[in-house]
Amino acid sequence: MTEQLIIAGFGGQGVLLIGQLLAYSGMLMEKEVSWLPSYGPEMRGGSANCHVVISDEAVGSPKVEEATVVIAMNYPSMKLFERSLVPGGLLLYNSSLIEEKPSRSDIRAIAVPCNDIAKEVGNARTANMAMLGAFIGATGMFTEDVLVEALRHKLGASKEKFIPVNRAAIAAGMTAAKAFE
Amino acid sequence: MRQMMKGNEAIAEAAVQAGCRYFFGYPITPQNEIPEYMSARLPEVGGAFLQAESEVSAINMVFGAASTGARVMTSSSSPGISLKQEGISYIVGAELPCVIVNMVRGGPGLGSIQPAQSDYYQATRGGGHGDYRMIVYAPASIQEAVELTQKAFDSADRYRNPVMILGDGCIGQMMEPVSMPEYKKPDDLGEKTWAATGYHPGCGRERNIINSLYIEPDRCEQHNLDLQAKYDAMKEREVMAKEEMAEDADIIVVAYGTTARIALTAVRKAREQGIKAGLIRPITVWPFPEKEIAAAAQRCKAFLTVEMSLGQMVDDVRLAVNGCRPVEFFGRTGGMIPGVSEIYDRILKIKEGL
């Protein structure tokens, strides 16, 4: 098993964090993982993306060319990376910000209203967590608990108070992904 | 326990574990997490971090700290490493140990900030003046970067010579699971009796003088011959390379660092298609694994060297192969990373020509 993921959006949407939490969760599942950020002259509002590989064997190329999963948090990202998906690959797109439909019909596409979910759970900054929830809902690659453990590690003890709202966003994202299909 | 670490941070922590207590540097992308990490970490262990006013200052501060026998490191990326070359030459001449990290980016000049391997000549041929060499480790994963960083301090002390970690923007910026090994100093590394730690009458030793000036040419020649004996010992003992599926391979890809990982995926893909491809990955790019490649040349039919440059290491591969097999080259440069499919296509093309 080798999952190759591209996660993209605009700076400030937490796309690098989505990638880190996926990689960290993979590590907790005893997989081999890599996380490679784009580190050009990015800024808030500019584009940001990262590549994550989760595999049973030692990770070869950390750069993803043929993605099995693309997570697009905004329209330019969907437009740019949809074509990187292998046939049958999974596209998760943030339908709160993307009105357009994916152009490919040979992929599995799931619309996730990330920003709407985030508002519903009471913290607009949890849109990326909603997307992570949708990812595990759609793939079953790991459980909500593994993801929360990864998040806990990333946030550190001082941010424990933010765990419940993030967990709520993850749960709502899972439900949204399952309901879509 | 495995933890996710960025290459730059992992290298910094590995250095601290290996007893590095001094770091002098100047910021440049894509290695900034090393000084950032050191600035917080070194004071915790009684060390010192200093952001110098330039790379030239930083390397000369390394010269000073190394003279006292301390374990010291600096890091930079391509343009900054160019600025350090004078200091590196002096440190070699004065026979001092230190570790220098280069997270290579696109060049020449300011170039780009994306990953590159176009500093290979500079790293392996001596970017500064004079007849000198240094061990150059080229890690291909974060775990390996950690292990090689610790080894670098030992090798530097063993030979009283700078050691370089040659990474690239990808190695610096990527995160992977790492287990930080418990550092154990090798038994053969004794006290640094040569260190200039302050002489006073009755201190029980002669004055230690740290210097790279040998004004009489006959003495300077002898100094160079003594240095050469160290380089010969490094060539004899320090070569590291990893072979993957190379034993029965018709086509052997030679690549190092990040490029070797991408090449490995291409080699795996070729094997799935029934093409006997293999990989030789130099871990030390100096000393270069010439014997390993020469031996492989007796078994395989062709070589493909892949680099993030327009062809530098390929010279060393050709020297090792010595004309007995064709050596093809593929490279991307300026910060562009070669793709698996691009490398695979080259393997395919070579296969068709066999």
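Since the structure is predicted, the reported quantities are computational estimates derived from the model, not experimental observations. Note: hydrogens, waters and symmetry copies are ignored here, and every other heavy atom, side chains too, is used. Just so it is clear: chains get the letters A, B, ... in the order the sequence lines come, proteins before strands, and each one is counted from 1.
- Contacts between residues 14-27 of chain A and chain B, defined by a heavy-atom separation under 4.5 Å, are made by A:Gln20, A:Ala23, A:Tyr24, A:Met27.
- At a heavy-atom separation below 4.5 angstrom, chain A is approached by B:Gly169, B:Cys170, B:Gln173, B:Met174, B:Met175, B:Glu176, B:Pro177 within residues 166-179 of chain B.
- Within residues 104-118 of chain B, the residues having any heavy atom less than 4.5 Å from a heavy atom of chain A are, in residue-number order, B:Ile113, B:Gln114, B:Pro115.
- Taking each heavy atom of A:Pro62 and B:Arg261 in turn, the nearest pair found is CD-NE, 3.8 Å.
- Counting non-hydrogen atoms of neighbouring residues, nucleotides and ligands closer than 6.0 angstrom, the CD atom of A:Glu160 exceeds 12 such neighbours.
- The number of heavy atoms from other shown groups lying within 6.0 Å of OH (B:Tyr26) does not exceed 12.
- With a 6.0 Å radius and a threshold of 12 heavy atoms from other residues, nucleotides or ligands, A:Arg125 has its CZ atom at or below the threshold.
- Of the atoms belonging to A:Val59, heavy atoms from both backbone and side chain fall under 4.5 Å from chain B.
- Counting heavy atoms of neighbouring residues, nucleotides and ligands inside a 6.0 Å radius, atom CD of A:Glu66 does not exceed 12 of them.
- Atom NZ of A:Lys119 sits in a sparse spot, with 12 or fewer heavy atoms from other residues, nucleotides or ligands closer than 6.0 Å.
- Looking at A:His153 and B:Met4, their side chains never come closer than 4.5 Å, going by heavy atoms from C-beta outward.
- For the residue pair A:Gly60 and B:Thr265, the shortest heavy atom distance occurs at CA-OG1, 3.2 Å.
- Although no hydrogens or angles enter the test, the distance criterion places a donor-acceptor pair under 3.5 Å between the side chain of A:Lys63 and the main chain of B:Ile337.
- Atom-to-atom distance recorded for B:Asn32:CG and A:Tyr39:OH is 11.0 Å, nearest 0.5 angstrom.
- Here the CZ-OG distance, from B:Arg268 to A:Ser61, works out to 10.5 Å after rounding to the nearest 0.5 Å.
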What side-chain donor-acceptor pairs closer than 3.5 Å can you find for residues 171-181 of chain A, not counting sequence neighbours?
from	atom 1	to	atom 2	distance (Å)
A:Thr175	OG1	A:Ala171	O	2.9
A:Glu181	OE1	A:Arg108	NH2	2.8
A:Glu181	OE2	A:Arg108	NE	2.7

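- Of the residues considered (A:Leu28, A:Val33, A:Val53), A:Val33 shows the highest number of contacts with chain B, using heavy-atom pairs under 4.5 Å.
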